[in-house]
Amino acid sequence: MAPVPRVRFAPSPTGYLHIGGARTALFNYLYAKRHGGVFILRIEDTDQERSTPESVKAILDGLTWLGIDWDEGPGKEGPVAPYFQTQRLELYKKYADQLIAEGKAYRCYCTREEIDARRAAVEKATGKPGTYKYEGTCRDRKDIPEGRSAVIRFRMPEGEGQVTFNDKVLGPITKQYSDLDDWVMMRADGIPLYNYGCVIDDRTMDITLVGRGQEHVNSTFPQLMLYQAFGWKPPEFAHFPLILGPDREKLSKRKHPEADVMLHKRNGVLAEALSNYVIRLGWSHGNDEVISREQMVEWFDFDHVGTTSGVWSPDKLMWLNQQWLKMLPPAVVAEQLVNFLAARDVQVKAGDPRLERVVMAFRERAKTLQEMADMALKYFQHGVALDEKAATKHLTAESKPLLTQVREQVAALPQWSAAALDEVVKKVSEQAGVGMGKVAQPVRVAATGGTVSPGIGETLELLGREETLHRLDAALARP
RNA sequence: GUCCCCGUCGUCUAGAGGCCCAGGACGCUGGCCUUUCAAGCCGGUAACACGGGUUCGAAUCCCGUCGGGGACACCA
């Protein structure tokens, strides 16, 4: 009987939720849901300088917005709590002591300055960066130098050897011992470093599979050494391809503003669309493009996670967003549109019947809620400014009599509906013996100020009788 | 530089030896529809990095070259 899969997302709270992190979270989440497992959120806040409570909140908010809810983690204390690394310090100490007692780790009294100097010397001598490896100065040190604090280093086994693991995405990957060194597990103040804290937590939280970005494949090896030293069976590993910016470098907060999940929310992207887009970057299910959360849960697997990094494409995100704008129930979209209208000083109460009509009218024209709000703006305002060019072209001496007819007939309409309004335009143009455009365009310009809008009946219906008549009159009154 | 990973249309990808002179999607583009703009529908554009093997047969397997990315901290 296989144990219940337990996976985790372990962000460090040093900023907003990153797109790459969001996808890592989503992959893990889907894997858990798919296999009836548990999705754990662990906060790796051991970087004292950079971790902030605001970042924790930002990450939680981002995940929540995307509909990625955790089974255990902050606010959802479970059997292996706590879920903040800074609250698990005794654990790290306990296991470090054990390793030291067994001679598999040791205290190192070299100061940071000494190490830095030696590294600089080596790199200067070889002329190559990244070639420094800790010499093992304190490996067999017996004395305890006065006035010096000690970090704890892992003791790499001597001699030939290699570490291998079978990645669920990449396949077997191997590293020679000789490429590793005695890395620092814990600082003098008892705060663990990533590779150490990560292993202790994954172990003590009963994680069965570690899914993370490919930037972590190299850190898997020292981590594996630790499992070996403790005699623990390591979890499975799955490394996901990176997401690249337009410059083909790893999407980073520094260089790529689009790395911010919530920026997209602010831009009017739907959570459904963003997660749909992001999951297709690095994973596929045949030719399917528009994928619901339910389908993701049903279909997700590591077999179809790709091995190659993907480039962020705003075009496709926009296309997907519109697909979702059209697929979601109008009421759902309307609810979100309210905020975007409010930001434009249009106060509409959620549930206002006009909202859903706006959504239906503009979801085929807008790619984002942002655009939709811009387009919808003038339908909620009183009166409209006429675009000069459009007015000059369409509000002419020839068109005005037609406009007047339309005005009279719609005023008398018993039912203010798009169909009835369209019928009026049709009738007027037929009677005048002109094409529909000859009537519809002047009406459109009068009603919206410009030449572009949804179907004319739809447009007038949206405006309402009172506002329509007001605008038609205003246009007619124009010299 | 060292180590690790990767290499199918501009981009995201399907493809697990013959179904592929390579399919879908975005983008771009021609047309249809049409009261405008969209949306929709139909069509076009464009790729297996290169060179060697293995095999009756390779985008798919192996090797090399080149190219790209990632990691090389008392960050995560």
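Note: hydrogens, waters and symmetry copies are ignored here, and every other heavy atom, side chains too, is used. Here is the naming used below: chain letters follow the sequence lines, and residue numbers restart at 1 for every chain.
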Enquirer: Would you say NZ of A/K426 has more than 12 non-hydrogen atoms from neighbouring residues, nucleotides or ligands within 6.0 angstrom?
Expert: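 No - once you tally the heavy atoms of other residues, nucleotides and ligands closer than 6.0 Å, there are 12 at most.
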Enquirer: Taking the P atom in each of B/G52 and B/G18, what is the distance between them to the nearest angstrom?
Expert: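 That atom pair is separated by 23 Å.
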Enquirer: Assess whether one donor atom and one acceptor atom, taken from the side chain of A/E289 and the base of B/G24, lie less than 3.5 Å apart.
Expert: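 When only heavy-atom distances are counted, A/E289 does reach the base of B/G24 through a donor-acceptor pair under 3.5 Å.
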Enquirer: Provide the distance between the two C1' atoms, one in B/U65 and one in B/C26, to the nearest whole Å.
Expert: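 It comes out at 33 Å once rounded to the nearest Å.
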Enquirer: Name the one of A/Q323, A/Q322, A/M372 that satisfies side chain to side chain contact (heavy atoms under 4.5 Å, CB included) with A/R363?
Expert: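 So, applying the side chain to side chain contact (heavy atoms under 4.5 Å, CB included) to A/R363 and each of A/Q323, A/Q322, A/M372, only A/M372 qualifies.
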Enquirer: Pick the C1' atom in B/C9 and in B/C4, then give their distance to the nearest Å.
Expert: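 Per the computed distance, 29 Å lies between those C1' atoms.
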Enquirer: Can you check the distance between B/C28 and B/G64, where both ends of the measurement are the C1' atom (answer in whole Å)?
Expert: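 After rounding to an integer number of Å, I get 38 Å for this pair.
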Enquirer: Measure CD/A/E215 against P/B/C5 and give the value in whole Å, please.
Expert: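 Nearest whole value for this atom pair: 16 Å.
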Enquirer: Output the rounded distance in Å from CG (A/D247) to P (B/U11).
Expert: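 Atom CG in A/D247 sits about 14 Å away from atom P in B/U11.
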Enquirer: In whole Å, I'd like the distance from the CG atom of A/N218 to the P atom of B/G70.
Expert: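 After rounding, the gap between these two atoms is 13 Å.
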Enquirer: So, is A/K128 close to the B/C72 phosphate, meaning a side-chain N or O under 4.0 Å from OP1 or OP2?
Expert: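 Answer is no, no contact under 4.0 Å.
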Enquirer: Determine whether more than 12 heavy atoms belonging to other residues, nucleotides or ligands lie under 6.0 Å from atom NZ of A/K253.
Expert: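 Yes.
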Enquirer: Can you work out whether A/W312 or A/T174 has the more 5'-proximal nearest nucleotide on RNA chain B?
Expert: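 With A/W312 and A/T174 compared, the 5'-side residue is A/T174.
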Enquirer: Please indicate whether A/K393 has more than 12 foreign heavy atoms, meaning atoms of other residues, nucleotides or ligands, lying under 6.0 Å from its NZ.
Expert: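 No, NZ of A/K393 has 12 or fewer neighbouring heavy atoms, counting only those of other groups under 6.0 Å.
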Enquirer: With P as the reference atom in both, quote the distance from B/C41 to B/C5 in angstrom, rounded to an integer.
Expert: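 Going atom to atom, P in each nucleotide, I get 44 Å.
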Enquirer: When we call it a touch if two heavy atoms are under 4.0 Å apart, what does A/V184 touch: a base, just sugar-phosphate, or nothing?
Expert: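 A/V184: backbone/sugar contact only, no base atoms under 4.0 Å.
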Enquirer: Once hydrogens and angles are ignored, does a donor-acceptor distance under 3.5 Å link the base of B/A25 to the side chain of A/K316?
Expert: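 Pair found.
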Enquirer: Would you indicate what A/P11 reaches in the nucleic acid, counting non-hydrogen atoms under 4.0 angstrom: base, sugar-phosphate, or nothing?
Expert: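 If one applies the 4.0 Å heavy-atom cut-off, A/P11 turns out to touch nothing in the nucleic acid.
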Enquirer: Near A/R107 CZ, under 6.0 Å, is it more than 12 heavy atoms from other residues, nucleotides or ligands?
Expert: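 Result for CZ/A/R107: open.
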Enquirer: Is there a Watson-Crick or G-U wobble partner for B/C72 with both distances under 3.5 Å, and if so, which one is it?
Expert: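 Paired with B/C72, as far as the under-3.5 Å criterion goes, is B/G1.
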Enquirer: Using the P atom as the point on both nucleotides, what is the distance between B/G57 and B/C19, in whole Å?
Expert: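 Per the computed distance, 15 Å lies between those P atoms.
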Enquirer: Would you call A/K94 and A/D97 a salt bridge, using N to O less than 4.0 angstrom?
Expert: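 Answer for the salt bridge query: no.
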Enquirer: Checking all strands, does A/T126 fall into the base, sugar-phosphate, or nothing category for heavy-atom contacts under 4.0 angstrom?
Expert: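 A/T126: no heavy atom of the nucleic acid under 4.0 Å.
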Enquirer: Charged N to carboxylate O below 4.0 Å: is that the case for A/E398 and A/K438?
Expert: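 A salt bridge is absent here (no side-chain N lies under 4.0 Å from a carboxylate O).
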Enquirer: What integer distance in Å separates A/Y92:OH from B/A76:P?
Expert: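 Going from A/Y92 (OH) to B/A76 (P), I get 11 Å.
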Enquirer: Quick check: on RNA chain B, is the nucleotide nearest A/G171 upstream (toward 5') of the one nearest A/R187, or the reverse? Name the residue that is more 5'.
Expert: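 Of the two residues, A/G171 wins.
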Enquirer: What's the gap between B/C20 and B/A38 when it is taken at their P atoms, as a whole Å value?
Expert: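 Here B/C20 and B/A38 have their P atoms 37 Å from each other.
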Enquirer: Any side-chain N or O of A/R248 under 4.0 Å from OP1/OP2 of B/G67?
Expert: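 For B/G67, neither OP1 nor OP2 has a side-chain N or O of A/R248 closer than 4.0 Å.
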Enquirer: Tell me the partner of B/U55, counting only Watson-Crick (N1-N3 plus N6-O4 or O6-N4) or G-U wobble (N1-O2 and O6-N3) with both under 3.5 Å; none if nothing fits.
Expert: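 Answer to the pairing question: none, since B/U55 forms no Watson-Crick or G-U pair.
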Enquirer: Calculate the interatomic distance between A/W283 atom CH2 and B/G24 atom C1'; express it in whole Å.
Expert: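 Taking atom C1' of B/G24 as the reference, CH2 of A/W283 is at 15 Å.
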Enquirer: Does any nucleotide pair with B/C20 by Watson-Crick or G-U wobble geometry, both distances under 3.5 Å, and what is it?
Expert: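 Paired with no nucleotide.
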Enquirer: Using both distances under 3.5 Å as the test, list the Watson-Crick or G-U wobble partner of B/U60, or none.
Expert: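 Answer to the pairing question: none, since B/U60 forms no Watson-Crick or G-U pair.
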Enquirer: Is the phosphate of B/A71, meaning OP1 or OP2, less than 4.0 Å from a side-chain N or O of A/Q223?
Expert: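 Checking B/A71 against A/Q223, no side-chain N or O comes under 4.0 Å of OP1 or OP2.
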Enquirer: Determine: side-chain N/O of A/H304 to OP1/OP2 of B/G15, distance under 4.0 Å, yes or no.
Expert: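 Checking B/G15 against A/H304, a side-chain N or O does come within under 4.0 Å of OP1 or OP2.
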Enquirer: Give the rounded distance in Å between these two atoms: CH2 of A/W183 and P of B/A76.
Expert: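 Value for this atom pair: 12 Å.
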Enquirer: With C1' as the reference atom in both, quote the distance from B/A47 to B/U8 in angstrom, rounded to an integer.
Expert: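 Taking atom C1' in both B/A47 and B/U8, they lie 6 Å apart.
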Enquirer: Under 4.0 Å between any heavy atoms, over every strand shown, what does A/D422 touch: base, sugar-phosphate, or nothing? Just pick one.
Expert: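 The residue A/D422 makes base contact.
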Enquirer: Output the rounded distance in Å from CE (A/M436) to P (B/U36).
Expert: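 Rounding to the nearest Å, CE of A/M436 and P of B/U36 are 9 Å apart.
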Enquirer: Given atom CE of A/M360 and atom P of B/C37, what is their separation to the nearest angstrom?
Expert: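 Between P of B/C37 and CE of A/M360: 23 Å.
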Enquirer: Taking a pair as Watson-Crick or G-U wobble with both distances under 3.5 Å, which nucleotide is matched to B/U36?
Expert: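 Result: none.
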Enquirer: Considering every strand and a 4.0 Å limit on heavy-atom distances, what is the contact class for A/I456: base, sugar-phosphate, or nothing?
Expert: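 Touches a base.
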Enquirer: Could you check whether A/S284 gets within reach of a base, just the sugar-phosphate, or nothing at all, counting any heavy atom under 4.0 Å?
Expert: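 Here A/S284 touches the backbone only, sparing every base.
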Enquirer: If pairing requires Watson-Crick or G-U wobble contacts with both distances under 3.5 Å, which nucleotide is the partner of B/C66?
Expert: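 Here B/C66 is engaged in a pair, and the nucleotide opposite it is B/G7.
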Enquirer: Would you say A/R119 reaches B/A73's phosphate, i.e. side-chain N/O to OP1/OP2 under 4.0 Å?
Expert: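 For B/A73, OP1 or OP2 has a side-chain N or O of A/R119 closer than 4.0 Å.
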